[in-house]
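Here is the structure we will look at, set down as structure tokens.
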Amino acid sequence: MTGKRCLAAIGGVLLLGAAGLAQAQPQSGIVRPTSEPARPSVQLGGELYAGNCATCHGIDGAGITMPRRGAGGVLGAGPPLRGVGALAADFYLRRGYMPLGSIHEEPRPNRVLFTGKELRSLVQYVASLAPGPAIPNPDPGAGAIPEGLHLFTEHCAGCHQVVARGGYVPGARVPPLQGVNATEIAEAVRVGPYLMPRFSTRQITDAQLGSIIKYVLSTRRPNNRGGWGIGNIGPIPEGLVTWWIAAPLLVAACMALGRRFGR
């Protein structure tokens with residue numbers, strides 16, 4: 001039996017085993033084994049993958065291009081995971097992007113449904129499917145905020161706003177970055193989740209990435225030199241608030257002057 005067929009056979013056994021652990025895969029929530037080992041393991045990751053991921057990504061991580069019904073009648077379709085390594089798996093699971101309740105949903109940060117042990121097990125399993133990139137270990141301490149601001153403005157601010165408060169683009173909502181840690185920022189830059197472009201080390205070096213992360217972390221407590229920051233969401237809301245306050249005052253002043261000099 002070839003390695004590919006063996007992997008598919010193992011995945012099939014895991015899928016059948018996971019299906020027997022619950023009557024049906026719920027539309028939302030997690031299918032778990034009846035008993036779990038004390039520590040993370042590839043085996044546990046395989047069981048969790050079979051019950052919660054294989055419907056969309058295939059039993060061997062090959063992906064499913066045409067939507068079809070899987071465990072519990074859930075409609076599934078998704079990209080292949082062979083070769084994505086621990087990098088993509090850790091990011092999508094740790095930020096709650098996966099699993100989706102429906103293939104028609106926009107992936108966005110959400111409540112993490114797996115325990116830490118289960119998450120690490122799933123990451124180990126996905127990484128075992130084929131060689132791929134590891135989880136990054138960024139060093140923002142070696143970076144510089146001015147360089148990070150320059151790079152963030154050039155590559156990221158068009159969607160995330162210059163103070164990383166997020167926003168909207170056609171077809172998606174751009175998340176704020178204030179609740180994201182250094183590893184997750186580095187993962188997002190290298191993965192390029194959903195509509196976000198992926199940046200290679202040729203486009204943004206690891207040293208430059210450290211500066212970007214240092215700048216993003218600094219935006220958690222911005223210095224509002226002008227006073228009221230209005231959520232730090234950019235000049236358009238600030239201008240609207242200004243007009244909402246100034247316009248009534250200006251009209252009132254004009255009316256008062258008109259009454260005074262019109263007598």
Side-chain angles (χ1 to χ4, degrees), residues 2-12 14-15 18 30-31 40-68 70-71 74 76-103 105-110 112-138 172 175 180-206 209 213:
T2 65
K4 184 175 181 180
R5 290 181 179 177
C6 180
L7 185 61
I10 293 173
L14 289 172
L15 182 60
I30 296 300
V31 174
S41 67
V42 173
Q43 180 180 353
L44 173 59
E47 294 173 349
L48 291 166
Y49 177 91
N52 301 282
C53 313
T55 294
C56 291
H57 295 288
I59 58 174
D60 59 350
I64 296 176
T65 56
M66 296 296 294
R68 66 187 186 189
V74 176
L81 298 182
R82 295 177 61 82
V84 302
L87 170 63
D90 185 75
F91 174 78
Y92 278 101
L93 293 169
R94 191 172 300 280
R95 292 292 296 157
Y97 280 94
M98 295 290 161
L100 292 176
S102 166
I103 61 173
E105 290 181 6
E106 173 191 337
R108 63 179 61 187
N110 209 333
V112 179
L113 300 177
F114 295 101
T115 66
K117 176 183 65 178
E118 292 170 342
L119 191 150
R120 291 191 294 273
S121 296
L122 270 168
V123 171
Q124 290 178 17
Y125 175 75
V126 173
S128 72
L129 295 175
I135 298 172
N137 185 26
V180 184
N181 63 38
T183 299
E184 292 164 350
I185 297 172
E187 288 176 333
V189 169
R190 298 306 184 209
V191 170
Y194 200 42
L195 298 182
M196 177 177 166
R198 180 180 67 86
F199 295 94
S200 68
T201 53
R202 290 187 177 183
Q203 295 167 301
I204 297 177
T205 67
D206 288 339
L209 181 55
I213 294 171

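- Between Arg190 and Asp206, the closest side-chain pair of non-hydrogen atoms falls below 4.5 Å.
- For Tyr92 against Pro193, the heavy-atom pair with the smallest separation is OH-CA, 3.2 Å.
- The two residues Leu48 and Val31 come nearest to each other via the heavy atoms CD2-O, 3.8 Å.
- Note that CD1 of Ile213 and OG1 of Thr183 are 7.5 Å apart. Values are rounded to the nearest 0.5 Å.
- For the pair Pro80 and His57, the minimum side-chain heavy-atom distance is 4.5 Å or more.
- Ring pair Tyr49/Tyr125 is tilted by interplanar angle, where 30° to 60° counts as tilted.
- In this structure the side chain of Val180 reaches within 4.5 angstrom of the side chain of Arg95, judged on heavy atoms.
- Atom-to-atom distance recorded for Asn52:CG and Met98:CE is 13.0 Å, nearest 0.5 angstrom.
- In this structure, Ile103 CD1 and Thr55 OG1 are separated by 11.0 Å, a value rounded to the nearest 0.5 Å.
- Across all their heavy atoms, Ala188 and Met196 have their closest contact at O-CE, 3.5 Å.
- Across all their heavy atoms, Ala86 and Ala134 have their closest contact at CB-CA, 4.5 Å.
- Separating the CG atom in Leu100 from the CD atom in Glu106 is a distance of 10.0 Å, to the nearest 0.5 Å.
- With rounding to the nearest 0.5 Å, the separation of CD in Glu187 from CG in Asn181 is 8.0 Å.
- Closest approach of Ala186 to Pro138, counting heavy atoms only: CB-CG, 3.9 Å.
- The minimum heavy-atom distance between Val191 and Ala88, with the atom names listed, is CG2-CA, 3.9 Å.
- Taken from CG in Leu93 to CG in Leu119, the straight-line distance is 5.0 Å, to the nearest 0.5 Å.
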